[in-house]
Structures are given as C-alpha cells and as structure tokens.
Amino acid sequence: MKRREFLVGAVAGTAALSLPLALSRYAVAAGPEPKLLTIVRRTIEVNGKAASVFGLQQPDGSVGLRYRADDAFNLLLRNATAEPTIIHWHGLTPPWPSDGVADAPLPLMAANSERAFDFPVGRPGTYWMHAHTLQEQALLAAPLIVADPADDGRDEQEVVILLHDFSFKTPEELLAGLVPAATASEPMSGMDMDHGAHGSMDMSAGGATMDLNDIEYDAYLANDRTLDNPEIVAVERSGRVRLRIINGATATAFTIDTGELEGELIAVDGQAIEPIKGRRFPLSMGQRVDIRLELPDEAKSFPILALREGSPHRTGIILRPVGAEVTKVAMQGTEAGPVLDLVLESELRSLAPLAERTADKSFAMTLNGDMTAYKWGLGLDQPILADLGDRIEIKMTNMTMMAHPMHLHGHHFQVVAIDGRRFAGAVRDTVLVPPQRSVTIAVEADNQGQWAFHCHHLYHMAAGMMSTFGYRV
C-alpha cells in the first residue's frame, strides 16, 4: 500500500448520522439475498463533546456483521459517505481480490458506490473489519463474528467489546505530529518527539529506553463509550458469559482485566486454544481474545476493563446482574497498565495446530525503525514468495525500541518459536514482537495472492512498515 492511499478520504466533513451502538446484538439476514452493510458518517459524544466519526451498519441499525461458519460471505458493501475508502475483513481468508487493500488488486471504493462480495466465510471466530486507510483512526471499524454451529444451544451470553483510541484531531494531524520538526512548525500538543519520551515508557535490555505510546489520545473507548458513561450489559446471576474482545485501537495496546471474576481464555484471534485461567490478558492492536466467565449468584456488578499499556488510562464496560447497583469507575486507575510481553504467548497452545512438518522455505524479517525521524520498515533477506502447498516459516526480529503487532492477511499462522526456542504455540493472525525479541511463525501457503504483511500500529504501517507475502505466478 502506498502512503497516499492512507491519506485519501480520511475524515472530511459531511452530514452526520446519529446511530445507536448495539454490539452485543446482530440482525441475521435470511435466504439467498446478500446482506447490506453501509459505510456511514455518524455522531457520537466523547467527553461531553460531539464527534463526527465513521460507522459500519446494517439496514436495521445494528453494528457489524454476524455469520455462521457454514455461511457464504454474501455481502453488498455500500459507501454512503463522500470519501473514498476500502474495508479489510480482518481474520477472514477470502480470495485475494476480496481482501480489502487498495490497489491490491482493487482500487478504493469511490464515494457513493457499491461493491459485492461472495466467498465462503470460513472458520468460526472473533474477527473484525476496518478501513485499510487512515480512516481506521476515525472509528471506521466494527466486529465481524462467525459463530460456530457446534455452540448452538450452549447456555452462554455473548458480549462483544470493540476497543478504540480516540482523538478530536484528524488522522492526518496525528501523523503530521509524529514526523520531524522539519515538516511541521511545532510539535503537536500532547506529543513529545524526543526519542523515548512518547507517553509512558519502560526500560529494556542494556538500559535502552523502550517507547510505549507515541500518541496521547483524548479518550479510550469501549463500544464507542468511555468509563464516564460506559455500556452497561444486563447479565444473569450465576450465568455464563463469553466475552469477545477486539482491540480496534490504532496505536494503543491494552491488558484486559476481569477484576473479581476469574476468566478462562478460550481463543485468540478467533482460533481455539487450550483454556488458560487468569484475570489479566494482554491484547495488542488488531488482536482478539475470547474469555469465558462464570458469574456468581450475587446482585453485584462487575467491570470488565481495558488498561492502557504504560499509563493509568482505562476503558471498559460493566456487567450488571439483575438487582445489582452500578458503581462509577474512574477513567484513570491508580497504577499504569502492564507492559505487554510474550509470557502468555509462550504458554498458548492451539486446539487445532498445524501438522508437524519441515518448512519448505524460511525467511528472515527485520523490523526496523527510527523513532526520531518516524520512519519504519521491514527488511527481508529475500522476498517472501511461496509456491502453493509450501510450509513457510518467517523469523521476525525487532531491532527497534517499540513493540510491533505483526498481521498477515489471507492466512492464519502458528507461532512456532520465541527467541529461537521452538514450541507449538497458538494459531492466530496477529502476533506481538516486542523490542529486541524475535518471533517465528509457520504458515501453510494455501491461499494464492499477493498478501499484505504489516505492523498493525496504523502510523507505523503508514510510515513504511509493510511488506508482502506473495506467491509465484
């Protein structure tokens, strides 16, 4: 993707629609007719101020999409805004022309245009969809849930949570505030361009400074709302809840905190794992977690929080059993959120791992960057080119002082090594590579195309941290 394609169509003024958000409920289309999904402008309230943002809605006003694993992804996407855009189906494995990356091979959708899609929806799981332009920052994102027919009849309430970071500035202003002073008259408010001083930080090996956050946002949202006015979800006492949590933030990692409730992590990026119990689960940009909760027989509310990495900011929702009171939760805690690492990643085990097999081709990728110049890149020992049926391994080594959540389009991969230590880890589509660490993934080359492979920090990607996973013609 070229830099210009990130910049077109991001946040221009148009007439706004005020739309309700109901992420936990979805309208399911019946019969052979395609579902209609419309890209719109809408107005939400953030910190008492009106904000014009994007949205993805069905005709009944429901947000996002819900399918079953045996469905066809039969969809008519309509762009009802005045800006060109394109939508990527994050976590699905469609044919390459349907992937949703500009000029690869389809152009941006023009204003007031339509585009049809029809392909097998694929594996069940928690997925999402978002603009593959800077418009992602302006909330052009929504859940995309593929239900497992095997779960039919399960006595379990589903709660979907889409996290986001929010700014009243345009994405172009945010990006301009990250580049050197030579391209701007003065630094953007809330951003310090001195290396190592971008928000909160931690110390890495050798005493070098690790950059955690390079943008200070105006708010952190869960289902479009802050903790000043959170979504309150009615649940049953002694009931079972399945949280489907999506980190749709563009530049913010979180740790999910289930508080008094012990959670059972049952899937990452929509792919089932051997369950792991806990109360805190890391979630980088683009990643998803499914957490199962068993509620006690108490008239007591339970906050489900997302703690911003390296700072006390937080967001979340409230689970409220019948008869329970709701206690206000502050938008800032008393401690900084944990710094994400690979401890949990090293413990994850897939319930459907790749077959044991020697790699046909191996590649080395170096994650490079200059925080002061705000230039980012991916270096390869050779271009990634697969033949259909290959087992591909890619070792990603992060030479920078920022973590990078690396996302591969069109495939699911398995984590098979961390810092050279081999193991059969989780199957997923986005994995975090912390500073001065390496992660190796294995991929079955079973979906021909020229697929995007990039950091899911939006501004790192826009500044060059993007490559291609290709197939020989």
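All of these numbers come straight from a predicted model, not from anything done at the bench.
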Side-chain heavy atoms of Thr93 within contact of Arg123, under 4.5 Å: no
Verdict with supporting geometry, Asn368 and Leu378, side-chain contact (heavy atoms from CB on, under 4.5 Å): CA-CA 6 Å; Asn368 299 310; Leu378 298 173; over 6 Å; no
Nearest heavy atoms of Asp165 and Gln137, plus distance in Å: O-NE2, 3.0 Å
Verdict with reasoning, Ser62 to Asp60, per side-chain hydrogen bond (donor to acceptor under 3.5 Å, both in side chains): CA-CA 6 Å; Ser62 58; Asp60 65 356; 2.6 Å; yes
Working for ring-ring contact (aromatic ring centres under 6.0 Å, His included), residues Trp376 and His457: CA-CA 11 Å; Trp376 304 94; His457 184 306; 7.5 Å; no
Residue of the set Ile161, Leu163, Leu307, Leu265 for which side-chain contact (heavy atoms from CB on, under 4.5 Å) holds with Ile256: Leu163
Close side-chain approach of His164 and Thr250, heavy atoms under 4.5 Å: yes
Worked check of ring-ring contact (aromatic ring centres under 6.0 Å, His included) between His454 and His409: CA-CA 9 Å; His454 62 87; His409 288 219; 5.1 Å; yes
Test: Arg42 cationic atom under 6.0 Å from Phe54 six-membered ring centre, within 45° of axis: no
Closest heavy-atom pair and its distance - Pro97, Pro105: CA-CD, 3.5 Å
Ring geometry between Trp128 and His130 (parallel below 30°, tilted from 30 to 60°, perpendicular above 60°): tilted
Which atom of Asn247 lies closest to which atom of Ala253, heavy atoms considered: ND2-CA, 4.0 Å
Glu83/Thr81 under side-chain hydrogen bond (donor to acceptor under 3.5 Å, both in side chains): CA gap, chis, key distance, verdict: CA-CA 6 Å; Glu83 303 91 352; Thr81 77; 2.9 Å; yes
Heavy-atom check, side chain of Leu348 versus side chain of Val268, under 4.5 Å: yes
Minimum heavy-atom distance Gly389-Glu444, with the two atoms named: O-OE1, 4.4 Å
Expected output: side-chain Thr226 to main-chain Asp228 donor-acceptor under 3.5 Å: yes
Separation of Met129 CE from Leu75 CG (nearest 0.5 Å): 8.0 Å
Heavy atoms of other groups near Lys361 NZ, more than 12 under 6.0 Å: yes
Step-by-step side-chain contact (heavy atoms from CB on, under 4.5 Å) determination, Phe73 to Leu144: CA-CA 11 Å; Phe73 191 82; Leu144 199 173; 4.0 Å; yes
Check against side-chain hydrogen bond (donor to acceptor under 3.5 Å, both in side chains), Arg244 and Thr126: CA-CA 6 Å; Arg244 295 184 184 266; Thr126 301; 2.7 Å; yes
NZ/NE/NH1/NH2 to OD/OE distance under 4.0 Å, Arg288 and Asp429: yes
Pair Ser467-Leu380, side-chain contact (heavy atoms from CB on, under 4.5 Å): steps then yes or no: CA-CA 9 Å; Ser467 188; Leu380 285 162; 3.4 Å; yes
Donor-acceptor contact present, side-chain Lys35 to main-chain Arg66, <3.5 Å: yes
Non-hydrogen side-chain atoms of Arg391 and Leu354 separated by less than 4.5 Å: yes
Asp269 backbone acceptor or donor facing Gln287 side chain under 3.5 Å: no
Donor + acceptor pair across side chains of Thr252, His313 (<3.5 Å): no
Parallel, tilted or perpendicular, as decided by the 30° and 60° cut-offs, for the rings of His88 and His132: perpendicular
Heavy-atom closest pair, residues Leu221 and Thr315: C-OG1, 3.4 Å
From CG (Asp99) to CD1 (Ile87), nearest 0.5 Å: 12.0 Å
Charged N-O contact under 4.0 Å between Asp387 and Arg472: yes
Check: Trp89 side chain, Val121 main-chain N or O, donor-acceptor pair, under 3.5 Å: no
Atom of Met466, atom of Ala452 and distance for their closest heavy-atom approach: CE-CB, 3.5 Å
Within-4.5 Å side-chain heavy-atom neighbours: Ser52 and Arg41: yes
Contact check, side chains of Arg314 and Val329, non-hydrogen atoms, under 4.5 Å: yes
Exam field: side chain Asn398 to backbone Gln436, donor-acceptor pair closer than 3.5 Å: no
Exam field: side chain Glu158 to backbone Leu243, donor-acceptor pair closer than 3.5 Å: no
Polar contact flag, side-chain donor to acceptor under 3.5 angstrom, Gln450-Thr468: no
Heavy-atom donor-acceptor pair, Asp290 side chain to Gly270 backbone, under 3.5 Å: no
Expected output: side-chain Asp341 to main-chain Val343 donor-acceptor under 3.5 Å: yes
Atom pair CD/OG1 of Glu136 and Thr85 - distance to nearest 0.5 Å: 10.5 Å
Side-chain heavy atoms of Phe413 within contact of Ile392, under 4.5 Å: no
Validation row: His404, Met396 side chains within 4.5 angstrom (heavy atoms): no
Distance (rounded to the nearest 0.5 Å) between Tyr67 OH and Tyr127 OH: 14.0 Å
Parallel, tilted or perpendicular: ring planes of His411 versus Tyr471, cut at 30 and 60 degrees: parallel
CA sep, side-chain torsions, deciding dist, call: Val146, Leu92, side-chain contact (heavy atoms from CB on, under 4.5 Å): CA-CA 9 Å; Val146 179; Leu92 298 190; 4.2 Å; yes
